[in-house]
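Worksheet: the structure to be examined is printed underneath.
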Amino acid sequence: MEEINELIEQRIKKLKELRKMGIEPFDGHFDALDHAVNLLNKYAPVSRENLESDPVSCSLAGRIISMRDFGKAAFAHIQDVTGKIQIYFKKNILGDKFPLLKKLDIGDIIGLKGRLFRTKTNELTVEVDDFVFLAKSLRPLPEKWHGLRDIETRYRQRYVDLIVNPEVRETFIKKSIIIKATRDFLESKGFIEVETPMMHPVPGGATARPFKTHHNALGIDLYLRIAPELYLKRLLVGGYERVYELNRNFRNEGISTKHNPEFTMLEFYIAYRDYRFLMSFTEELITYVSEKLLGTLKIPYGDAVIDLTPPWPRIKMFDALIDRGIPEDILYDAGRALTWARANDIEIKEGTSPGKILDQIFKEKVEPQIIQPTFIIDYPVELSPLAKRKPDNPELTERFELFIASREIANAFSELNDPIEQTQRFLEQVEAKEKGDEEAHYMDEDFVRALEYGMPPAAGEGIGMDRLVMLLTDYQSIRDVILFPQLKPEQ
RNA sequence: GGGCCGUUAGCUCAGCUGGUAGAGCAGCUGACUCUUAAUCAGCGGGUCGCAGGUUCGAAUCCUGCACGGCUCACCA
């Protein structure tokens with residue numbers, strides 16, 4: 001313990017005094033039969049008189065979060081996973097145990113037995129007739145009124161944040177509901193959940209820089225996965241027709257309100273379907289989750305209300321650009337695109353490929369404008385090295401990205417299953433990498449070998465779950481939907 | 001990595017143009033058996049993020065560093 005301040009010393013003193021009295025404040029065991037808010041709900045209709053004439057016993061375990069001491073009586077609130085309820089300690093009821101109240105601090109975890117009654121303000125309260133210490137709290141909790149505000153402390157000591165900020169506890173329950181609803185939906189559609197490696201000899205399946213690690217016994221470098229895509233498609237080759245994986249990806253990129261180095265990604269693949277199918281499927285999935293969580297498709301987000309009612313517009317990427325006033329003649333002319341971008345204050349690095357220039361313009365000019373759910377479809381082939389070309393326009397792919405509230409929520413395409421073309425696409429990526437594009441894909445020989453056995457035509461999609469949670473819980477920072485967001489070490 | 005902002009008691013925050021570091025809550029002592037931001041009386045609590053510099057004198061001005069927030073750049 002780095003610092004022992006006066007407040008902690010006082011609490012340690014109380015701890016020692018309890019032990020001197022033969023009470024072990026950490027060793028207690030207690031089987032609570034009730035929960036705070038359940039009691040409040042269950043007995044809400046029961047009157048004071050009925051609680052008197054027909055007494056209700058209960059037992060609770062939880063943390064003391066406030067206390068009002070009267071000398072020979074005291075009110076407090078106790079908090080458990082459901083919330084808080086008022087409790088009442090009275091000298092003539094507790095008898096010998098009453099002096100122990102002197103040793104009870106805000107933050108301590110106790111178990112108690114008692115009887116329900118209503119105060120003169122009609123608040124349902126537990127009159128305690130016995131209690132035990134289950135854990136002594138040595139550190140003072142933040143102030144009851146303002147709570148814990150300091151953002152850094154809230155992230156670093158999330159446990160304290162969770163104790164004192166009920167909406168934070170609520171948020172992560174919502175995250176759990178969202179993830180469960182997602183799994184339920186996919187299971188109901190015949191998908192199986194699989195686990196593929198998180199440590200990859202060749203990182204692939206996305207455009208991103210990986211984390212590198214090392215396996216001592218094998219004597220090889222490995223990469224934390226940036227996406228499970230190539231392994232999931234190997235499973236399509238193996239004969240599974242509907243698979244998904246909902247787990248962590250790792251990308252060695254900057255940290256921001258939209259990016260954490262590790263984040264939760266859903267990827268799912270369905271054989272014998274294409275990206276058009278996936279658009280409807282995505283509408284169905286996200287509206288299912290929203291209904292499960294919020295019971296509505298009209299969700300407040302920041303200053304806006306997002307209406308998830310399908311169908312969502314499907315706009316070709318080039319049309320989206322044209323709609324935003326980008327001159328049509330730059331779409332097919334890399335030189336003009338570059339000139340136009342630079343004339344419009346969009347930073348483009350030297351040697352950026354034509355498709356990437358358009359992507360940059362899109363991110364700058366179109367993406368911020370998309371508030372309501374919108375599919376942007378048919379991306380240039382060079383942005384999508386794993387996607388199938390459009391039969392009527394080989395420069396474009398059967399790909400869509402779903403945008404909501406100016407953020408990319410999903411990315412999907414009809415999967416390229418021609419091993420010869422896939423090899424060619426990989427070679428182009430390798431060439432780009434040699435030219436200095438750190439995010440270009442690696443050649444994955446084993447993936448190509450798998451395709452050579454024959455992969456059924458399929459559609460696949462990735463959904464950034466943390467961002468979906470942000471959307472459905474109305475948070476602007478990804479750190480608010482990740483329990484322990486990545487921070488630099490203290491000091 | 002760049003720009004802007006922040007860091008003062010356990011928590012939330014004041015602290016002006018440089019002159020002995022403050023409040024509320026929490027804590028301790030006492031009073032009080034229906035309070036709920038309980039009340040009343042009294043008391044304690046600080047490496048002002050860290051390190052330099054300017055100055056008779058720095059929480060305050062300057063420089064550097066650390067950590068955090070927002071933002072820009074890249075990604076989901």
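Values reported hereafter were calculated over all heavy atoms of this structure, with side chains retained and with hydrogens, waters and symmetry mates removed.
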- Short side-chain N/O contact from Thr257(A) to OP1 or OP2 of U71(B), under 4.0 Å: yes
- Give Glu439(A) one of three labels, base, sugar-phosphate or nothing, depending on what nucleic acid heavy atoms sit under 4.0 Å from its own. sugar-phosphate
- Query: Going by an N to O cut-off under 4.0 Å, is there a salt bridge joining Asp130(A) and Lys97(A)?
  - Reply: yes
- Rounded to whole angstrom, note down the P distance from C72(B) over to U63(B). 26 Å
- For A66(B), the Watson-Crick or wobble partner whose two distances fall under 3.5 Å: U7(B)
- Heavy atoms under 4.0 Å, any strand shown: does Arg149(A) hit a base, just sugar-phosphate, or nothing? sugar-phosphate
- Note on the structure: Result for 5'-nearest mapping on RNA chain B, choosing between Gln486(A) and Asn260(A), is Gln486(A)
- Geometric class of the Tyr231(A)/His200(A) ring pair [parallel <30°, tilted 30-60°, perpendicular >60°]: tilted
- Residue-phosphate contact under 4.0 Å: Lys120(A) side-chain N/O, C34(B) OP1/OP2: no
- Task: Decide whether a cation-pi geometry holds between Lys433(A) and Tyr442(A); the criteria are a distance under 6.0 Å from NZ or CZ to the six-membered ring centre and an angle within 45° of the ring axis.
- Result: yes
- Message: Under 4.0 Å, counting only non-hydrogen atoms across every strand here, what does Thr207(A) touch: a base, just sugar-phosphate, or nothing?
- Response: sugar-phosphate
- Task: Provide the distance between the two P atoms, one in U60(B) and one in A9(B), to the nearest whole Å.
- Result: 15 Å
- Message: Which label fits Phe250(A) and Phe211(A): parallel for a plane angle under 30°, tilted from 30 to 60°, or perpendicular past 60°?
- Response: perpendicular
- Any strand, both distances under 3.5 Å, Watson-Crick or G-U wobble: G45(B) pairs with none
- Below 3.5 Å, does any donor atom in the side chain of Glu143(A) face an acceptor in the base of G10(B), or the other way round? no
- How far, in whole Å, is A66(B) from U29(B) if one measures between their P atoms? 44 Å
- Message: Base, sugar-phosphate or nothing for Leu487(A)? Non-hydrogen atoms, less than 4.0 Å.
- Response: sugar-phosphate
- Task: Select base, sugar-phosphate, or nothing to describe what Gln360(A) touches, counting heavy atoms under 4.0 Å on all strands.
- Result: sugar-phosphate
- Message: Regarding Arg169(A) and Asp161(A), does a basic nitrogen lie under 4.0 Å from an acidic carboxylate oxygen?
- Response: no
- Under a 4.0 Å heavy-atom cut-off, which of residues 77-95 of chain A touch RNA chain B? His77(A), Gln86(A), Tyr88(A), Lys90(A), Asn92(A)
- Counting any heavy atom closer than 4.0 Å, what does Gly462(A) reach on the DNA or RNA strands: base, sugar-phosphate only, or nothing? nothing
- Message: Determine whether the aromatic ring of Phe70(A) stacks with the base of U33(B), defined as ring centroids separated by less than 5.5 Å and ring planes inclined by less than 30°.
- Response: no
- Return yes if some donor-acceptor pair links the side-chain N/O of Lys113(A) with the main-chain N/O of Asp129(A) below 3.5 Å, else return no. no
- Which part of the nucleic acid, if any, lies within contact of Gln476(A), taking any heavy atom under 4.0 Å across all strands shown: a base, the sugar-phosphate backbone alone, or nothing? nothing
- Any Lys72(A) side-chain nitrogen or oxygen under 4.0 Å from OP1 or OP2 of A31(B): no
- Message: Can you tell me if Arg68(A) touches the phosphate of C32(B), counting only side-chain N or O atoms and a distance under 4.0 Å to OP1 or OP2?
- Response: no
- Query: Have Gln476(A) and Thr257(A) got a donor and an acceptor in their side chains that come within less than 3.5 Å?
  - Reply: no
- OP1 or OP2 of C70(B) under 4.0 Å from side-chain N/O of Arg479(A): yes
